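All remarks here apply to the structure that follows.
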Amino acid sequence: MIVTTKVLLDEAKKNGYAVGAFNTVNLETTKAILNAAKEMRSPVVVQMTEKTLDYAGGRAMFHLVKNMAEFYFPDIPVAIHLDHGKSMEIVERAIEVGFPSVMYDGSRHSYSDNVRTTKRVVEIAREKGVSVQAELGNVPYLSEVSENINWDDYMTDPEEAARFVEETGIDTLAVAIGNAHGFTKERDEPDYDRLAKIAKSVSVPLVLHGGSDWEDGRAKKVIELGISCFNVDTAIRLAFIGAISRMLASGEETEIRKILGSGMDAAQETVMKKMELFGSKGKA
Ligand code: G3H
Ligand code: 13P
Ligand code: ZN
(Lines give C-alpha, C1' and ligand atoms only; values in the text may rest on other atoms or scores of the structure.)
(Ligands and ions follow the chains in the order given, each with its own letter.)
Protein backbone atom coordinates (compact mmCIF):
# COMPACT_ATOMS: atom_id res chain seq x y z
CA MET A 1 0.00 0.00 0.00
CA ILE A 2 1.37 3.40 -0.99
CA VAL A 3 1.64 5.95 1.83
CA THR A 4 3.41 9.26 2.42
CA THR A 5 6.72 9.45 4.24
CA LYS A 6 4.98 11.61 6.83
CA VAL A 7 2.76 8.67 7.82
CA LEU A 8 5.73 6.26 8.05
CA LEU A 9 8.04 8.63 9.90
CA ASP A 10 5.43 9.92 12.34
CA GLU A 11 4.73 6.31 13.29
CA ALA A 12 8.46 5.55 13.64
CA LYS A 13 9.01 8.64 15.78
CA LYS A 14 6.10 7.73 18.03
CA ASN A 15 7.42 4.22 18.55
CA GLY A 16 11.16 4.88 18.83
CA TYR A 17 12.53 3.17 15.72
CA ALA A 18 13.72 4.39 12.31
CA VAL A 19 12.64 3.59 8.78
CA GLY A 20 15.13 3.12 5.94
CA ALA A 21 14.80 5.29 2.81
CA PHE A 22 16.59 3.30 0.14
CA ASN A 23 17.68 4.66 -3.26
CA THR A 24 16.56 2.76 -6.33
CA VAL A 25 17.82 3.18 -9.89
CA ASN A 26 16.09 0.39 -11.82
CA LEU A 27 13.83 -2.66 -11.64
CA GLU A 28 16.40 -4.79 -9.84
CA THR A 29 17.16 -2.38 -7.01
CA THR A 30 13.43 -1.67 -6.62
CA LYS A 31 12.62 -5.35 -6.31
CA ALA A 32 15.53 -5.90 -3.92
CA ILE A 33 14.23 -3.16 -1.60
CA LEU A 34 10.63 -4.37 -1.72
CA ASN A 35 11.62 -8.03 -1.29
CA ALA A 36 13.62 -7.04 1.78
CA ALA A 37 10.65 -5.12 3.20
CA LYS A 38 8.38 -8.13 2.67
CA GLU A 39 10.87 -10.56 4.20
CA MET A 40 11.39 -8.30 7.23
CA ARG A 41 7.75 -7.15 7.43
CA SER A 42 9.08 -3.62 7.44
CA PRO A 43 7.64 -0.33 6.26
CA VAL A 44 9.95 1.24 3.67
CA VAL A 45 10.70 4.39 1.71
CA VAL A 46 11.75 3.73 -1.90
CA GLN A 47 13.38 6.86 -3.20
CA MET A 48 15.10 8.14 -6.31
CA THR A 49 17.01 11.22 -7.39
CA GLU A 50 16.69 13.45 -10.44
CA LYS A 51 19.53 11.49 -12.09
CA THR A 52 17.45 8.32 -11.89
CA LEU A 53 14.37 10.07 -13.25
CA ASP A 54 16.48 11.26 -16.20
CA TYR A 55 18.09 7.85 -16.65
CA ALA A 56 14.95 5.70 -16.61
CA GLY A 57 12.20 8.24 -17.29
CA GLY A 58 10.30 9.80 -14.39
CA ARG A 59 6.94 8.27 -15.21
CA ALA A 60 8.47 4.88 -16.00
CA MET A 61 10.35 4.73 -12.69
CA PHE A 62 7.51 6.08 -10.58
CA HIS A 63 4.98 3.66 -12.03
CA LEU A 64 7.42 0.76 -11.87
CA VAL A 65 7.76 1.26 -8.11
CA LYS A 66 4.04 1.99 -7.61
CA ASN A 67 2.81 -0.97 -9.65
CA MET A 68 5.30 -3.36 -8.13
CA ALA A 69 4.46 -2.23 -4.59
CA GLU A 70 0.69 -2.32 -5.10
CA PHE A 71 0.53 -5.57 -7.01
CA TYR A 72 3.19 -7.75 -5.39
CA PHE A 73 3.55 -6.16 -1.94
CA PRO A 74 0.03 -4.96 -1.01
CA ASP A 75 0.55 -5.55 2.75
CA ILE A 76 3.72 -3.47 3.01
CA PRO A 77 3.46 0.30 3.61
CA VAL A 78 5.63 1.84 0.89
CA ALA A 79 6.40 5.54 0.46
CA ILE A 80 7.74 6.64 -2.94
CA HIS A 81 9.94 9.66 -2.49
CA LEU A 82 11.90 12.14 -4.61
CA ASP A 83 15.34 12.38 -2.99
CA HIS A 84 17.38 15.62 -3.17
CA GLY A 85 15.11 17.63 -5.47
CA LYS A 86 17.46 20.54 -6.12
CA SER A 87 15.01 22.88 -7.89
CA MET A 88 11.38 23.90 -7.87
CA GLU A 89 11.07 22.47 -11.40
CA ILE A 90 12.11 18.93 -10.47
CA VAL A 91 9.88 18.95 -7.40
CA GLU A 92 6.89 20.13 -9.47
CA ARG A 93 7.67 17.47 -12.08
CA ALA A 94 7.69 14.75 -9.41
CA ILE A 95 4.41 15.95 -7.88
CA GLU A 96 2.84 16.06 -11.32
CA VAL A 97 3.97 12.48 -12.01
CA GLY A 98 2.32 11.37 -8.76
CA PHE A 99 5.03 11.15 -6.06
CA PRO A 100 3.35 11.18 -2.62
CA SER A 101 6.51 12.53 -1.06
CA VAL A 102 9.31 14.89 -2.12
CA MET A 103 12.49 16.42 -0.78
CA TYR A 104 13.35 19.97 -1.72
CA ASP A 105 17.05 20.34 -1.00
CA GLY A 106 17.90 24.01 -0.65
CA SER A 107 20.70 23.26 1.80
CA ARG A 108 23.35 24.88 -0.39
CA HIS A 109 21.41 28.14 -0.61
CA SER A 110 21.23 30.95 1.93
CA TYR A 111 18.85 30.47 4.84
CA SER A 112 16.37 32.98 3.40
CA ASP A 113 16.41 31.43 -0.10
CA ASN A 114 16.03 27.96 1.40
CA VAL A 115 13.03 29.13 3.45
CA ARG A 116 11.44 30.94 0.51
CA THR A 117 11.57 28.01 -1.93
CA THR A 118 10.77 25.37 0.68
CA LYS A 119 7.68 27.35 1.66
CA ARG A 120 6.50 27.44 -1.96
CA VAL A 121 7.10 23.69 -2.29
CA VAL A 122 5.04 23.08 0.85
CA GLU A 123 2.17 25.22 -0.51
CA ILE A 124 2.05 23.26 -3.76
CA ALA A 125 2.48 19.91 -2.00
CA ARG A 126 -0.24 20.56 0.59
CA GLU A 127 -2.90 20.89 -2.11
CA LYS A 128 -2.07 17.38 -3.31
CA GLY A 129 -1.49 15.72 0.06
CA VAL A 130 2.23 15.29 -0.71
CA SER A 131 4.72 15.29 2.18
CA VAL A 132 7.82 17.47 2.08
CA GLN A 133 11.32 16.97 3.46
CA ALA A 134 13.87 19.78 3.51
CA GLU A 135 17.46 20.07 4.73
CA LEU A 136 19.10 22.61 6.96
CA GLY A 137 22.82 22.74 7.50
CA ASN A 138 24.21 20.44 4.86
CA VAL A 139 25.37 16.86 4.62
CA PRO A 140 28.70 16.83 2.74
CA TYR A 141 29.47 14.60 -0.23
CA LEU A 142 32.45 12.26 -0.51
CA SER A 143 34.51 14.81 -2.46
CA GLU A 144 34.18 17.36 0.35
CA VAL A 145 35.30 15.13 3.20
CA SER A 146 39.02 15.28 3.89
CA GLU A 147 41.24 15.45 6.95
CA ASN A 148 40.85 19.23 6.82
CA ILE A 149 37.08 19.37 6.74
CA ASN A 150 35.62 21.84 9.21
CA TRP A 151 32.48 20.05 10.36
CA ASP A 152 31.15 23.23 11.95
CA ASP A 153 30.62 24.63 8.45
CA TYR A 154 28.08 21.88 7.77
CA MET A 155 26.17 21.41 11.02
CA THR A 156 22.47 22.10 11.58
CA ASP A 157 21.88 24.84 14.13
CA PRO A 158 19.14 23.77 16.60
CA GLU A 159 17.58 27.22 17.01
CA GLU A 160 17.64 27.89 13.30
CA ALA A 161 16.06 24.46 12.74
CA ALA A 162 13.13 25.34 15.00
CA ARG A 163 12.59 28.58 13.08
CA PHE A 164 12.97 26.82 9.73
CA VAL A 165 10.33 24.19 10.51
CA GLU A 166 7.97 26.84 11.87
CA GLU A 167 8.41 29.15 8.88
CA THR A 168 8.15 26.49 6.15
CA GLY A 169 5.63 23.97 7.51
CA ILE A 170 7.70 20.95 6.33
CA ASP A 171 6.83 17.40 7.39
CA THR A 172 10.34 16.02 7.97
CA LEU A 173 13.80 17.59 8.36
CA ALA A 174 17.18 16.29 7.15
CA VAL A 175 19.90 17.20 9.64
CA ALA A 176 23.68 17.47 9.59
CA ILE A 177 25.33 16.23 12.79
CA GLY A 178 28.62 14.87 11.38
CA ASN A 179 27.07 12.55 8.79
CA ALA A 180 28.34 12.46 5.18
CA HIS A 181 27.24 10.95 1.87
CA GLY A 182 29.13 7.91 0.57
CA PHE A 183 31.36 5.34 2.24
CA THR A 184 33.57 7.93 3.74
CA LYS A 185 34.99 9.19 6.94
CA GLU A 186 32.17 10.70 8.94
CA ARG A 187 32.98 13.02 11.84
CA ASP A 188 34.87 10.92 14.42
CA GLU A 189 31.99 11.23 16.81
CA PRO A 190 28.52 12.39 15.71
CA ASP A 191 27.45 15.56 17.49
CA TYR A 192 24.98 13.83 19.82
CA ASP A 193 24.36 16.96 21.92
CA ARG A 194 23.42 18.91 18.85
CA LEU A 195 21.02 16.16 17.76
CA ALA A 196 19.40 16.11 21.20
CA LYS A 197 18.92 19.88 21.03
CA ILE A 198 17.45 19.72 17.51
CA ALA A 199 15.07 16.92 18.54
CA LYS A 200 13.96 18.99 21.51
CA SER A 201 13.32 22.15 19.52
CA VAL A 202 11.70 20.57 16.45
CA SER A 203 8.50 18.52 16.46
CA VAL A 204 8.74 16.89 12.99
CA PRO A 205 10.63 13.59 12.41
CA LEU A 206 14.36 13.92 11.67
CA VAL A 207 16.17 12.24 8.77
CA LEU A 208 19.84 11.24 8.62
CA HIS A 209 21.32 11.24 5.10
CA GLY A 210 24.47 9.27 4.34
CA GLY A 211 23.20 6.26 6.31
CA SER A 212 25.19 3.55 4.47
CA ASP A 213 28.00 3.36 6.99
CA TRP A 214 26.07 3.95 10.20
CA GLU A 215 26.41 0.76 12.17
CA ASP A 216 25.42 -0.68 15.53
CA GLY A 217 26.20 1.68 18.42
CA ARG A 218 26.09 4.97 16.54
CA ALA A 219 22.88 4.12 14.68
CA LYS A 220 21.13 2.96 17.86
CA LYS A 221 22.19 6.04 19.75
CA VAL A 222 20.93 8.54 17.15
CA ILE A 223 17.61 6.67 16.93
CA GLU A 224 17.27 7.04 20.70
CA LEU A 225 18.05 10.73 20.35
CA GLY A 226 15.42 11.32 17.66
CA ILE A 227 16.41 10.10 14.17
CA SER A 228 13.36 8.51 12.51
CA CYS A 229 14.78 7.78 9.06
CA PHE A 230 18.15 6.82 7.52
CA ASN A 231 18.86 7.40 3.81
CA VAL A 232 20.86 4.54 2.29
CA ASP A 233 22.30 4.45 -1.23
CA THR A 234 26.02 3.58 -1.43
CA ALA A 235 25.71 0.32 0.53
CA ILE A 236 23.12 -0.95 -1.98
CA ARG A 237 25.23 0.05 -4.96
CA LEU A 238 28.37 -1.61 -3.58
CA ALA A 239 26.52 -4.85 -2.78
CA PHE A 240 24.90 -4.91 -6.23
CA ILE A 241 28.07 -4.16 -8.20
CA GLY A 242 30.19 -6.51 -6.06
CA ALA A 243 27.92 -9.48 -6.77
CA ILE A 244 27.69 -8.76 -10.48
CA SER A 245 31.44 -8.30 -10.78
CA ARG A 246 32.05 -11.65 -9.11
CA MET A 247 29.65 -13.37 -11.48
CA LEU A 248 31.13 -11.70 -14.53
CA ALA A 249 34.65 -12.59 -13.42
CA SER A 250 33.94 -16.24 -14.24
CA GLY A 251 33.51 -15.15 -17.86
CA GLU A 252 30.95 -17.89 -18.42
CA GLU A 253 27.57 -16.43 -17.53
CA THR A 254 25.69 -14.87 -20.46
CA GLU A 255 22.19 -14.81 -18.97
CA ILE A 256 21.36 -11.18 -18.19
CA ARG A 257 18.68 -12.16 -15.66
CA LYS A 258 21.13 -14.31 -13.71
CA ILE A 259 23.79 -11.63 -13.71
CA LEU A 260 21.46 -8.84 -12.61
CA GLY A 261 19.63 -11.27 -10.33
CA SER A 262 22.84 -11.86 -8.37
CA GLY A 263 23.08 -8.11 -7.81
CA MET A 264 19.46 -7.99 -6.76
CA ASP A 265 19.93 -10.75 -4.17
CA ALA A 266 23.01 -9.07 -2.71
CA ALA A 267 21.20 -5.72 -2.52
CA GLN A 268 18.26 -7.39 -0.77
CA GLU A 269 20.59 -8.87 1.88
CA THR A 270 22.09 -5.44 2.53
CA VAL A 271 18.69 -3.76 2.84
CA MET A 272 17.46 -6.48 5.23
CA LYS A 273 20.45 -5.93 7.53
CA LYS A 274 19.75 -2.20 7.57
CA MET A 275 16.08 -2.77 8.45
CA GLU A 276 17.13 -4.95 11.37
CA LEU A 277 19.60 -2.30 12.53
CA PHE A 278 17.07 0.55 12.25
CA GLY A 279 14.45 -1.40 14.21
CA SER A 280 11.78 -1.33 11.48
CA LYS A 281 11.68 -5.14 11.25
CA GLY A 282 8.22 -6.44 12.12
CA LYS A 283 6.64 -2.99 12.07
CA ALA A 284 4.57 -3.53 8.88
O1 G3H B 1 22.31 11.40 -1.85
C2 G3H B 1 22.24 11.06 -3.01
C3 G3H B 1 22.41 9.69 -3.44
O4 G3H B 1 23.65 9.16 -3.09
C5 G3H B 1 22.07 9.49 -4.89
O6 G3H B 1 23.02 9.90 -5.78
O7 G3H B 1 22.36 11.63 -7.50
O8 G3H B 1 23.87 9.71 -8.07
O9 G3H B 1 21.43 9.34 -7.71
P10 G3H B 1 22.66 10.16 -7.35
P1 13P C 1 24.76 7.10 1.30
O2 13P C 1 25.09 6.95 -0.15
O3 13P C 1 25.91 7.53 2.11
O4 13P C 1 24.04 5.93 1.83
O5 13P C 1 23.71 8.35 1.37
C6 13P C 1 22.44 8.17 0.81
C7 13P C 1 21.64 9.42 0.87
O8 13P C 1 21.79 10.25 1.75
C9 13P C 1 20.62 9.59 -0.15
O10 13P C 1 19.92 10.79 0.02
ZN1 ZN D 1 21.20 12.38 0.78
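Sequential numbering from 1 along the given sequence is applied to the chain's residues. None of these values were measured; they are calculated from a predicted model. Counting convention: from 1, in listed order, for ligands and their atoms alike.
When non-hydrogen atoms are compared, ligand 1 lies under 4.0 Å from neither the backbone nor the side chain of H209. Counting heavy atoms closer than 4.0 Å to ligand 1, residue H84 contributes side-chain atoms (C-beta onward) but none from N, CA, C or O.
Between R237 and D233, at least one side-chain nitrogen of the basic residue sits less than 4.0 Å from a carboxylate oxygen of the acidic one, meeting the salt-bridge criterion. One finds a salt bridge joining K14 and E11 here, because a Lys/Arg side-chain nitrogen approaches an Asp/Glu carboxylate oxygen to under 4.0 Å. Salt bridge status for E215 with K274: present, with a side-chain N to carboxylate O gap under 4.0 Å. By the 4.0 Å N-to-carboxylate-O rule, D171 lies close enough to R126 to be salt-bridged with it. A salt bridge links R116 to D113: at least one charged side-chain nitrogen sits closer than 4.0 Å to a carboxylate oxygen. Comment: E144 engages R108 in a salt bridge, judged by a side-chain N to carboxylate O separation of less than 4.0 angstrom. Using a 4.0 Å cut-off between a side-chain N of Lys or Arg and a carboxylate O of Asp or Glu, E70 and K66 qualify as a salt bridge.
Heavy-atom proximity to V232, at under 4.0 Å, picks out these atoms of ligand 2: 4 (O). Atoms of ligand 2 found under 4.0 Å from any heavy atom of H84, numbered from 1 in the order shown, are 10 (O). Atoms of ligand 2 lying under 4.0 Å from any heavy atom of N23, numbered from 1 in the order shown and given with element: 9 (C). Counting the atoms of ligand 2 from 1 in the order shown, those under 4.0 Å from a heavy atom of T234 are 1 (P), 2 (O), 3 (O), 4 (O). Against a heavy-atom cut-off of under 4.0 Å, H209 is close to the following atoms of ligand 2: 8 (O), 10 (O). Atoms of ligand 2 lying under 4.0 Å from at least one heavy atom of G211, given by number and element, are 4 (O). Near D233, meaning under 4.0 Å from any of its heavy atoms, are these atoms of ligand 2: 1 (P), 2 (O), 4 (O), 6 (C). Listed by number with element, the atoms of ligand 2 under 4.0 angstrom from any heavy atom of G182 are 1 (P), 2 (O), 3 (O). Atoms of ligand 1 found under 4.0 Å from any heavy atom of H181 (numbered from 1 in listed order, with element): 1 (O).
Using a 4.0 Å cutoff on heavy atoms, A235 does not count as a contact of ligand 2.
Residue H84 approaches the Zn ion (ligand 3) most closely through its N/O/S atom NE2. Take the N/O/S atoms of H209: the one nearest the Zn ion (ligand 3) is ND1.
Formation of a donor-acceptor pair under 3.5 Å by the S212 side chain with backbone atoms of F183 is not found in this model.
The protein heavy atom nearest to atom 9 (C) of ligand 2 is D83 OD2, 3.1 Å. Annotation: atom 8 (O) of ligand 2 to nearest protein heavy atom, G210 N, 2.9 Å. Summary of contacts: the protein heavy atom closest to atom 4 (O) of ligand 2 is S212 OG, 2.5 Å. The single protein non-hydrogen atom nearest to atom 6 (O) of ligand 1 is D233 OD2, 3.7 Å, given as residue, atom name and distance. In this structure, atom 9 (O) of ligand 1 lies nearest to the protein heavy atom T49 OG1, 2.6 Å.
Below 3.5 Å of separation, one finds no N or O of N23 facing any N or O of ligand 1. Residue contacts with ligand 1: K51 is placed with a nitrogen or oxygen under 3.5 Å of a nitrogen or oxygen of the ligand (distance criterion only).
A parallel orientation is assigned to the rings of H181 and Y141, their planes being inclined by less than 30° (bins at 30° and 60°). By the 30° and 60° cut-offs, the orientation of the rings of F230 relative to W214 is tilted.
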Exercise for the section: Report the C-alpha separation of D265 and S262 in whole Å, then their side-chain angles, then the decisive distance to 0.1 Å, and conclude whether the side chain to side chain donor-acceptor pair (under 3.5 Å) test is met. Expected result: CA-CA 5 Å; D265 292 346; S262 71; over 6 Å; no
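Centroid-to-centroid, the aromatic rings of F99 and F62 come within less than 6.0 Å.
With V121 as the fixed residue, the side chain to side chain contact (heavy atoms under 4.5 Å, CB included) test singles out one of M88, Q133, E92, M103: M88.
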